[in-house]
Amino acid sequence: MAEQNETRCDLMMFGALGDLAQRKLFPALYQLERAKLLHPKSRILAIARKSLSRDEVRGLLRECLQKHVKSGEFEQAVVDCFLERVDYQCLDFTDPGGFSVLKDWRSAEPSNLIVYMATLPAMYGEIARNLRSNDCCDRNTRVVVEKPIGHDLESSKVINDELGEVYNEDQLFRIDHYLGKETVQNLIALRFANNLFASQWDQNHISHVEISVAESVGIEGRWGYFDKAGQVRDMVQNHLLQLLCLIAMDPPSDLSADSIRNEKVKVLKALRKITPDMMDAHVVRGQYTAGTSAGKPVPGYLEEEGAARGSKTETFVALKAVIDNWRWSGVPFYIRTGKRLPEKLSQIIIHFKPAPHYIFDSDQKHLANNKLIIRLQPDEGMALQILTKDQGLDKGMRLREGPLELTFSETFETDRIPDAYERLLWEIMKGNQYLFVRRDEVEHAWLWVDQIMRNWDESGQPPKRYAAGTWGPVASIAMITRDGRSWYEDA
Ligand code: BG6
């Protein structure tokens with residue numbers, strides 16, 4: 001990053017001792033320190049309920065950096081310098097009177113303020129009100145909140161209304177950490193900097209799109225949270241629909257936050273509602289049973305620690321989404337995401353239509369469509385599968401499929417790809433909202449997934465089982481096979 005932060009920003013971190021702050025946020029802030037992107041005078045106030053001294057908290061943060069920063073990137077001198085910025089305040093977030101100490105911290109050295117609410121979303125409104133009643137924020141304060149914003153459209157409106165009472169929309173930074181991933185931002189570069197693709201990006205040239213976000217982990221001790229959420233709320237409503245929007249949106253007129261977000265909202269509005277009669281053909285819900293992961297036996301979802309019997313919560317979902325607009329008419333988007341799948345893998349495959357008139361050996365006709373494979377993680381890069389002639393006198397005009405390959409780490413000799421939170425925190429400091437989700441995006445995404453979950457509730461059907469370590473219920477294969485297609489890894 002060749003930029004410098006000329007604006008001093010102080011940061012109040014609510015929930016500073018929680019998992020997100022310790023695993024992601026402090027390591028990301030440390031990396032910004034290491035990249036010399038933090039203004040020399042910026043301060044960080046860690047805020048949590050536990051009664052600890054500043055030195056105890058600094059000690060905890062040192063341990064957390066040791067654990068979560070790669071050893072080659074852990075530099076003692078930088079850590080010391082970073083921890084010097086950190087102060088600690090023990091606070092009950094529900095006690096308005098307690099917030100007056102924050103005002104003292106704030107007015108000691110006025111600066112731009114970032115308030116990061118790494119807490120349960122149910123706390124957002126109360127924290128915002130308490131900050132306001134103690135004069136701790138002003139028109140320049142930037143407020144950062146995490147997903148999930150609610151558990152359905154109605155509850156998200158309540159949270160957004162509460163935040164909206166205190167802050168304007170241009171002060172709110174709603175995080176979807178997928179938007180901070182370098183490779184996800186690369187979708188914007190790929191699509192709008194390369195006319196080659198721009199002219200091919202529609203129903204005339206693309207037959208279908210596949211988006212897979214697979215995880216090999218289970219629910220990692222988060223049964224309490226996950227069972228209330230499920231894979232649709234946890235992954236589809238946010239990450240998967242954001243990816244779909246970036247693939248499907250029209251070109252924005254510029255890179256400003258609202259130009260991009262306006263185009264994404266148009267896509268969300270054009271998503272065809274999945275009505276009860278469409279469920280069988282368009283939605284597969286799965287839940288993992290015992291199986292294996294990385295060669296070791298693992299328990300099923302209902303046998304995980306803390307599990308309640310008979311839960312119908314989905315740990316896998318496959319969807320066939322239809323976008324009702326001119327560009328995507330007749331082009332299904334097959335989306336799939338799940339826990340305890342064979343590997344951690346996020347990729348998007350754009351399947352182009354075959355040439356209009358086929359003249360090669362008929363037994364190779366299945367090869368005849370180009371594919372653009374965009375690998376988001378791991379092994380970030382892209383490959384364009386093209387057809388060439390097989391080499392050799394004996395091969396005639398036999399075709400062969402091969403990649404035009406770009407692996408970012410090799411081609412650009414990148415030392416490290418920054419974690420999503422580094423990028424996001426840096427954009428917040430600069431006040432740039434283009435990688436953050438606007439209220440109407442959140443609401444349109446809820447509107448679409450709410451309908452699916454309502455259909456499940458009404459049908460009462462349980463999720464289909466799949467063994468841990470497999471690619472989900474066979475029904476998800478059947479869903480795409482009925483359309484004469486297959487998931488990329490089955491092809
Ligand atoms: C989070 C979900 O938003 O994203 C988790 O709550 C999921 O359940 C995680 O594991 C996946 O993120 P990543 O960056 O590891 O793909």
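We count residues from 1, following the sequence as given. As the structure lists them, so they are numbered: ligands from 1, and atoms in each ligand from 1.
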* Asked: Which option out of Arg233, Arg222, Met235 puts a heavy atom nearest to atom 8 (O) of ligand 1?
  -> Arg222
* **Worked check of salt bridge (charged side-chain N to carboxylate O under 4.0 Å, His left out) between Arg438 and Glu169** => CA-CA 8 Å; Arg438 207 169 57 190; Glu169 183 62 34; 5.8 Å; no
* Asked: Which word best sums up how the rings of His351 and His208 line up, parallel for under 30°, tilted for 30 to 60°, or perpendicular for over 60°?
  -> parallel
* **NZ/NE/NH1/NH2 to OD/OE distance under 4.0 Å, Arg261 and Asp440** => no
* **Which residue and heavy atom of the protein sit nearest atom 11 (C) of ligand 1, plus the separation** => Glu215 OE1, 3.7 Å
* Which residue owns the protein heavy atom closest to atom 13 (P) of ligand 1, what's the atom, and how far is it? -> Lys344 NZ, 3.5 Å
* Name the closest protein heavy atom to atom 6 (O) of ligand 1, giving the residue it belongs to and the distance to 0.1 Å. => Asp234 OD1, 2.6 Å
* What is the closest protein heavy atom to atom 14 (O) of ligand 1, and at what distance does it sit? -> Lys181 NZ, 2.6 Å
* Can you tell me how far the CD atom of Gln451 sits from the CE atom of Met278, to the nearest 0.5 Å? -> 9.5 Å
* To do: List every atom of ligand 1 that sits less than 4.0 Å from any heavy atom of Lys339, numbering the atoms from 1 in the order shown and giving each element.
  => 5 (C), 7 (C), 8 (O), 10 (O)
* Structure fact -> heavy-atom search around atom 12 (O) of ligand 1 in the protein gives His177 NE2, 3.1 Å
* Which of the numbered atoms in ligand 1 are below 4.0 angstrom from a heavy atom of Lys147? -> 1 (C), 2 (C), 3 (O), 6 (O)
* Asked: For atom 16 (O) of ligand 1, what is the nearest protein heavy atom, given as residue, atom name and distance?
  -> Tyr178 OH, 2.5 Å
* Asked: Trp223 vs Tyr301 aromatic rings, parallel, tilted or perpendicular, using cut-offs 30° and 60°?
  -> parallel
* Mutual orientation of the aromatic rings belonging to His177 and Tyr421 [parallel < 30°, tilted 30-60°, perpendicular > 60°] -> parallel
* Structure fact -> Near His239 (heavy-atom distance under 4.0 Å), the atoms of ligand 1 are 1 (C), 3 (O), 4 (O)
* To do: Give a yes or no on whether a salt bridge exists between Arg129 and Glu162, defined as a side-chain N under 4.0 angstrom from a carboxylate O.
  => yes
